[in-house]
Each structure stands twice: as structure tokens, then as C-alpha cells.
Amino acid sequence: MAAKSHGNWSRRAFLRSTGAGAAAAAIATSSFDDLIAASAEIQNQAPEQAATNQSYWGQVQNQFDLDRTMINLNTGHHCSHPRMVARAVEEYLRMENLLPVRYASQIGANVETVRRMLAEEFGCESEEVAITRNASESLQILQSGLDLKAGDEVITTEQDYPRMLTTWDQRLRRDKLKITRLQFPVPTTADDLYERFERAITPQTKVLHFCHITNLTGQLFPVQRICRLARSRGIFTIVDGAHAGAHFPYKIRDLECDSYGVSLHKWLLAPFGTGLLFVRKDQIPKVWPLQAAPAVSDANIRKFEETGTQPLAVKAGIADAIAFHRTIGAERKAARLYYLTMRWAEPLRKLPKIQMFSSLKPGETWGMATVGIQGMTAGQITSALFDKNRIVVAGLAQGAMPGQQFPFQGIRVTPNVYTTVEEVDTFARAMADLAK
Ligand SMILES: Cc1ncc(COP(=O)(O)O)c(C=O)c1O
């Protein structure tokens, strides 16, 4: 697959020209079967022990076709998916293209398997899972689909995702809702976040909308406690799980939320343009779909998928991403992500000019943490890292995410299962140099 030509462009020719041809050839020999065998070999190791087994993670890294001339520590934007997922999508596309009207229905039937697999993985019922294009679509269905009237209040936070804040702002302009955005320091505690919501609720509050973990610092919210509080007051909950899904283990049913949105092209490593929408079964009739569906579908989760001709190949490819995720194992993956984060954060946090904006406690952080350097702007840090070491990170400063207000500036660092220890160590050294 890696040698496939696209017009005048050949990936292999490009790799030869960059001197990476030999590495690419070696990578191409590693198959998914090899990963299954390697995973079976370490099945008795505790996740924390497996997290440091570099030969196992080498096998995982070899499942990806990546540009290793750069160090990607902004995998949280959207993630590279494994070769097997890319191939599955190519195959489904090729198949559908043979005779679209016949093959689309076959691939469409397979998408029901994906729904079942997602429900198993995320811990809910198949009839509560819609497959969308991304977390934005999932969350906007909820935000725009709830019946709310002038004066009704929505409580969210200043550190929620800008597109979601924009969506509430639009409903404020259209329907005269009251939108309250809570401030909070980072990192903060579960108790602090819970109390901020509890204090803010009024008789007019109809919706609480907040992140499972934020995109800015990975701040973890006490989702179950806040949802229980909301339910006791008859308030609907929308939880933004864009960055939580398949990043660390949990089950949606344990969160006790009314609705939940995930980006599957982030930590699940699914094809680009895939998302999950969960709506509790009894709440489905209360949410209007963004694109109209017949009344007979009012209580059917599939009403949220009535979007015309679909990218079925991309949806079907989610099954391969789930198979890959299960082979690594959710616990093992979470332990590895924490290991990689601590590998750079532990030496850096001791340096005088370094500012950590994320909790580094186990169970509160996995593959995402945000760090700053006193006296340097986020832009200066990102440029210096890229110019000197070809390291890609996300710069976070006021204005970088228009519409979001947050009391810090720094860089967000998101390694992934395909990140090598050498890449993380190079980053830690580069930051230590900058902080001198
Ligand atoms: C917290 C949060 N919510 C929502 C989104 C939107 O996700 P998507 O790009 O999949 O629509 C993102 C994307 O980074 C995010 O970080």
C-alpha cells in the first residue's frame, strides 16, 4: 500500500528522496497479526509494567505509516490511524465504487455492526448510539435540537470548546437563551468544579454542558457527580467527550449523563470524519435531529443520521479501529499514555521557569498535558520547537482559539501510542534548553 502511486506522486519515491526508504520497508513488514502475537505475549503484565516495554510499543509504532522526520506531539488534533484502518477504508471505497447503489447497501448493513461494537466499547446500548462526522456534529445536534425558550439558562464553562460556545451564542441570539460560562483555574480539583456548578444553578437552568476532559489542559471533570446533581434538579446534561473517548477507560453508563459526544478520529484512531453521539434512550424523543427525520423515527437514534448520501467506507472502517484498540487494550493504552506524559513532565516540572497547567496525578492525566515557560509566549515556544527540532505542538494563547477565555498560555503536548520514547526525550531536552 505504501508504494501506491497517486498521479505523479509516489510515496515511496518521496521516502527514498528523504532517505527514509529503508525504514519504510522495515515498517511495511510488520502486520496486525504481529501485534496480536505481541499483545498475547504480554497479557500477564500489569498495564504499568507493559507501559515501559519498549519492544512491545515498537510493534505498535510499526503499525502506522508516519512522517518521522517531524515529531508529532499534537496528535490530539486528530490522530494518525493505523495502516489496517487506512486499508479497510480504501477497500470499502473500492468495493462501493464497483456499483455504488448495490454495494452501498451492503456496507451500510455493516455499519450496524459498528454501532454494536461502539456500544460495547463505550458501555451503552446500540440503540443509544448514532454515528456522526465528528464531535462537533454530535454536540451541535444536542445544542440545537433541544426545545428551549427565551429565558431558559444553559450553564457551560469558559474552557469548553470554542465551536460549542459559538453554538450556544447563536442560540442566545436566535432564542434569547441565557448562557452562563463558568471560570475555573487550572489545574483544579473535582470538588472545586462540582461546587462551581452547584452554586451557579438557578430555577431557570435547563442544561449543563461541560467537558469530560478539556481540550486545553486535559482538566478532568467529575462527570457522574455533576450529572447526578443535574438529574436531581430535572436539568439535561450534555457531556463533551471529544478528547475522552478511547483515551482512558470508562463506560458512558457509569457517567449517568443524558447525552455525550465523541471524536472517533482522535484517540480511537478511527478514520477521519467519524464521531459518536450517545443519547439516553428515554431522552431521544426530546432532541430534534439537525436534518429532518419522519415522525415515526422520533424515538429512534438513527434519526440523527438522516444526512443524505453517507461516507460509508469511513464509517465501516471504525470497526477496524475498534479491533486495533482492543488488541492494545484500553488499560494498557492509558498506562502507556501516562508513562509518555510523565517521561517529559517529570524532569521539566522541577525547572524554575516551567509552569504546569495540568494535574499530573495518576487517574487525572493520560496523554495530554499543558506546559508554559515564564517569559515566553506560546507562539515563541511553538516556533522555537519547530524551527530547531521539527517538533509539532499546539500553542495555546488568548486568541489562538477565538471565543475561548483562559487564564494561561503555553503548549499542549499530546503523544500517542505511535510516539517513541526518543521523540518524547528530544522534546523534554528542547524544552529544558528553552527554559534556561
Ligand atoms: C473538547 C472538544 N470538543 C469538541 C471538539 C470538536 O471535535 P471535532 O473536531 O471532532 O468536531 C474538539 C476538537 O478538538 C474538542 O477538543
Side-chain angles (χ1 to χ4, degrees), residues 72-81 118 122 129-144 154 156-170 181-182 184 186-187 193 207-221 223 226 237-248 250 252 255 257 259-278 290 304-305 307 311 314-315 317-318 321 337 357-358 365-370 392-396 400-406 410-414 416:
N72 183 4
L73 294 178
N74 185 7
T75 78
H77 189 278
H78 58 309
C79 299
S80 298
H81 41 261
L118 282 171
F122 282 90
V129 171
I131 303 166
T132 61
R133 286 172 288 188
N134 45 50
S136 302
E137 183 180 4
S138 302
L139 296 166
Q140 285 176 331
I141 286 171
L142 300 159
Q143 295 177 271
S144 296
V154 174
T156 183
T157 82
E158 282 291 2
Q159 294 184 44
D160 267 75
Y161 197 63
R163 186 171 299 107
M164 290 28 271
L165 296 175
T166 302
T167 305
W168 284 125
D169 285 350
Q170 184 170 292
R181 293 187 188 181
L182 305 180
F184 59 90
V186 286
L193 291 165
V207 178
L208 302 188
H209 175 145
F210 57 95
C211 288
H212 194 164
I213 60 171
T214 66
N215 71 309
L216 294 172
T217 64
Q219 173 68 54
L220 176 70
F221 277 60
V223 178
I226 298 176
T237 43
I238 300 178
V239 180
D240 181 341
H243 266 292
H247 183 166
F248 52 91
Y250 64 92
I252 291 180
L255 302 176
C257 54
S259 62
Y260 195 86
V262 181
S263 308
L264 299 176
H265 44 225
K266 291 194 192 285
W267 299 90
L268 184 63
L269 316 180
F272 305 141
T274 50
L276 173 147
L277 166 65
F278 159 86
L290 276 186
F304 300 118
E305 297 171 2
T307 56
V314 167
K315 287 190 171 185
I318 297 169
L337 294 173
F357 300 114
S358 303
T365 288
W366 295 272
M368 181 190 290
T370 297
V392 179
V393 292
L396 302 174
M401 295 284 210
Q404 230 174 3
Q405 303 290 326
F406 47 90
I411 57 164
R412 188 190 69 182
V413 185
T414 47
N416 213 302

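For ligands, and for the atoms within them, numbers begin at 1 and follow the listed sequence. The first residue in the sequence is number 1, and the count goes up from there.
Residues Asp169 and Arg181 are paired through a salt bridge, judged by an N-O separation under 4.0 Å between the basic side chain and the carboxylate.
Listed by first then second residue, pairs satisfying salt bridge (charged side-chain N to carboxylate O under 4.0 Å, His left out) with a partner in residues 129-143 read Arg133-Glu137, not counting sequence neighbours.
For the pair Met164/Gln143, a side-chain contact is recorded, criterion being any heavy-atom separation below 4.5 Å from C-beta on.
The ring pair (Phe, Tyr, Trp, His ring centres under 6.0 Å) test applied to Phe272 returns His78, His81, not counting sequence neighbours. Remark: Phe304 engages no residue in a ring pair (Phe, Tyr, Trp, His ring centres under 6.0 Å) (not counting sequence neighbours).
For the side-chain contact (heavy atoms from CB on, under 4.5 Å) with Phe221, the qualifying choice from Asp240, Ile226, Val239 is Ile226, the only one to do so.
Contact residues of ligand 1 (protein heavy atom closer than 4.0 angstrom to a ligand atom; sorted by chain and number): Asn134, Ala135, Ser136, Tyr161, Cys211, Asn215, Asp240, Ala242, His243, Ser263, His265, Lys266.
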